[in-house]
2 protein chains.
Amino acid sequence: MARIPVAQRRRDFIDAAVEVISSHGIDGATTRRIAEQAQANVAMLHYCYDSKEDLFADVYEYVSGKYREVIEGSDPHTTLPGAAQAILRGVMECYIDSRSFTATTFELVSWARRQHGDRGIAVYDQALDSLRKALQEAAAADPVAPEVIDEIAYVLATLADGFGVNWLTYGDTTAAREQMEVNCAVLDSWLTARLAAGPAKPARRKRAARA
Amino acid sequence: MARIPVAQRRRDFIDAAVEVISSHGIDGATTRRIAEQAQANVAMLHYCYDSKEDLFADVYEYVSGKYREVIEGSDPHTTLPGAAQAILRGVMECYIDSRSFTATTFELVSWARRQHGDRGIAVYDQALDSLRKALQEAAAADPVAPEVIDEIAYVLATLADGFGVNWLTYGDTTAAREQMEVNCAVLDSWLTARLAAGPAKPARRKRAARA
DNA sequence: CATGAAGTTGGGCATTTGTCTAAGTCACGA
DNA sequence: TCGTGACTTAGACAAATGCCCAACTTCATG
């Protein structure tokens, strides 16, 4: 009917997949459902993608990309705490903006883990990398030990993840906005204490926590 | 063969389901896989449970129960911060103890949400209720406004959830132990600041955040 | 206008899934 | 010993799923 070039069709399928995955889960996201959501045919899907796995790979990349955007595109700050605040806020706002995106991300991460093992955690890894880089840049004027950066990145991820789980579970926008503030307050009080304490934690022995 | 009473068989199926769900996801947890894991027959499963859904309901209850146990059974403390610390530690330790349990919990929560909508968030709701109750008890000597209790419960849940996601993703026990300490430090610094600040947050207007 | 590439589609295939049926097999009280 | 009721199992069933094929439509270009 509509006669749409493959490139556009692929984008449609990715969007459709995000929607379907968020409401039916990874395994509930069948080719037929995705095709229907994209107002296309099952055969069309296989005309654009060799396999369902191929489509999911694109969805995966799309999600990764969005994270990078949000993290790198957050309001630039010259202080480490400022940058950390801005990034955390950015991610949480992005979650609130699109529940489908949030749900799909969490589905993808857990799917990738059990599907591809180590290689599957790429989204998470990449997001943490962008995170570390952004923090390091913000702290350029007043450098901080890499272990501290790692720790901050981890806390940021933890707060964002925790926020995401709750937001997905309850879906209450008003509550979510309040919780966003709470999380920012949590980050703030901890960061202040942490940066005052010095580079090394009391009981640190081995290499820094990877995440 | 073995001739096992239904009651025991059911318990076996629940354990098997937890294992299979954690490694294959909810939808990957097929009756045949669960049966195999329980060293039983597919037909046996339907002899014990009318449907797969029935089995999952039991798994759901099992998970809920374990949360209640962990929260209510955490070391009793007379101070609010002490109790909060103990509970957070208890939950995180429980996660580290059993990755299957952790994974299954997260799978169940997301499955329940998209499957049963509001009714599906029961695990999360019940856990938060136990949490609030435990905190309230700990603060009996020096009462705190219910909004503050709610806020603390939310932060506790957020830190636990965030920890869980990371632990599931990387599965590094050593890192997880370090991160457990970080999360405790985060809770500690925020709680101190929060309890010093007074009952109401600066920009609070509506009812307290539900979770 | 012819033509061939690009896009579109209905129908079909093998496999997997949840569930059920009917036929066992065992333990134990009468 | 002989039921009788509790447990066990192989096999079958329809429905759903990922993927494919062969035929059809459109349209820019020669």
Side-chain angles (χ1 to χ4, degrees), chain A residues 1-60 104 107-108 110-112 114-116 120, chain B residues 1-60 104 107-108 110-112 114-116 120:
Chain A
M1 279 257 177
R3 218 85 193 164
I4 299 164
V6 250
Q8 176 59 44
R9 262 276 137 81
R10 273 198 254 256
R11 262 172 268 141
D12 289 349
F13 278 128
I14 294 176
D15 287 346
V18 168
E19 217 56 44
V20 175
I21 288 174
S22 82
S23 54
H24 296 270
I26 285 280
D27 299 279
T30 66
T31 50
R32 282 163 177 81
R33 265 203 265 255
I34 295 173
E36 190 189 19
Q37 172 78 27
Q39 293 175 314
N41 195 289
V42 199
M44 192 70 251
L45 195 154
H46 279 93
Y47 177 71
C48 295
Y49 287 101
D50 278 351
S51 71
K52 188 180 157 182
E53 197 105 350
D54 279 355
L55 166 58
F56 280 17
D58 263 18
V59 176
Y60 205 76
T104 298
E107 287 289 330
L108 273 181
S110 100
W111 168 77
R114 59 172 185 262
Q115 193 77 4
H116 302 301
Chain B
M1 280 259 177
R3 218 90 191 160
I4 298 164
V6 249
Q8 176 60 43
R9 263 275 136 83
R10 273 199 255 256
R11 263 172 267 140
D12 289 348
F13 278 128
I14 294 175
D15 287 346
V18 168
E19 216 56 44
V20 176
I21 289 174
S22 81
S23 55
H24 291 87
I26 284 279
D27 298 280
T30 67
T31 51
R32 282 163 176 81
R33 267 203 264 254
I34 295 173
E36 190 190 18
Q37 172 79 26
Q39 292 176 316
N41 195 290
V42 200
M44 191 71 250
L45 195 155
H46 280 92
Y47 178 72
C48 295
Y49 288 101
D50 277 353
S51 70
K52 187 180 156 182
E53 197 106 350
D54 278 356
L55 166 59
F56 279 16
D58 263 17
V59 176
Y60 205 74
T104 299
E107 287 288 330
L108 273 181
S110 100
W111 169 77
R114 60 170 185 262
Q115 192 77 3
H116 303 301

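Only a predicted model underlies this, so the values are computations on that prediction, with no experimental measurement involved.
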Show which side-chain atoms of residues 16-26 of chain A pair as donor or acceptor with protein atoms under 3.5 Å away, not counting sequence neighbours.
unit_1	atom_1	unit_2	atom_2	d
A/Glu19	OE2	A/Ser100	OG	2.9
A/Ser22	OG	A/Glu19	O	2.8
A/Ser23	OG	A/Glu19	O	3.2
A/Ser23	OG	A/Val20	O	3.4

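Smallest separation of non-hydrogen atoms from A/Phe13 and A/Ala40: CZ-CB, 3.8 Å. Taking all atoms of both residues into account, the shortest heavy-atom contact from A/Gly28 to B/Asp27 is N-OD2, 4.5 Å. Shown here for A/Leu45 and A/Thr31, the closest heavy-atom pair between the two residues is CD1-O, 3.7 Å.
Residues satisfying the side chain to side chain donor-acceptor pair (under 3.5 Å) test with A/Ser110, not counting sequence neighbours, are A/Arg114, B/Glu107.
Summarising the geometry, the separation between CD on A/Gln39 and C1' on C/dG7 is reported as 17 Å, rounded to the nearest angstrom. Distance, B/Asp54 CG to C/dG18 P: 14 Å, rounded to whole Å.
Annotation: side chain of B/Thr30 is not in contact with side chain of B/Ile34 (no heavy-atom distance under 4.5 Å).
Among pairs with a residue in residues 39-58 of chain A, none fulfils salt bridge (Lys or Arg N to Asp or Glu O under 4.0 Å), at least two apart in sequence or across chains. Note on residues 7-18 of chain B: pairs passing side-chain hydrogen bond (donor to acceptor under 3.5 Å, both in side chains), not counting sequence neighbours, are B/Gln8-B/Arg11, B/Gln8-B/Asp12. Within the structure, the ring pair (Phe, Tyr, Trp, His ring centres under 6.0 Å) test picks out the following pairs touching residues 30-57 of chain B (sequence neighbours left out): B/Phe56-B/Trp111. Screening residues 33-45 of chain A for side-chain hydrogen bond (donor to acceptor under 3.5 Å, both in side chains), with sequence neighbours left out, gives no hits.
Of the residues in residues 22-36 of chain B, those placing a heavy atom less than 4.0 Å from an atom of DNA chain D are B/Arg32, in numerical order. Near DNA chain C, defined here as any heavy-atom distance below 4.0 Å, the residues from residues 41-49 of chain A are A/Asn41, A/Ala43, A/Met44, A/Tyr47, listed numerically. Using a 4.0 Å cut-off on heavy atoms, the residues of residues 4-15 of chain A that approach DNA chain C are A/Ile4, A/Pro5, A/Val6, A/Arg9, listed by number.
Distance from the side chain of B/Arg3 is smallest for D/dA6 among the nucleotides D/dG18, D/dA6, C/dT19.
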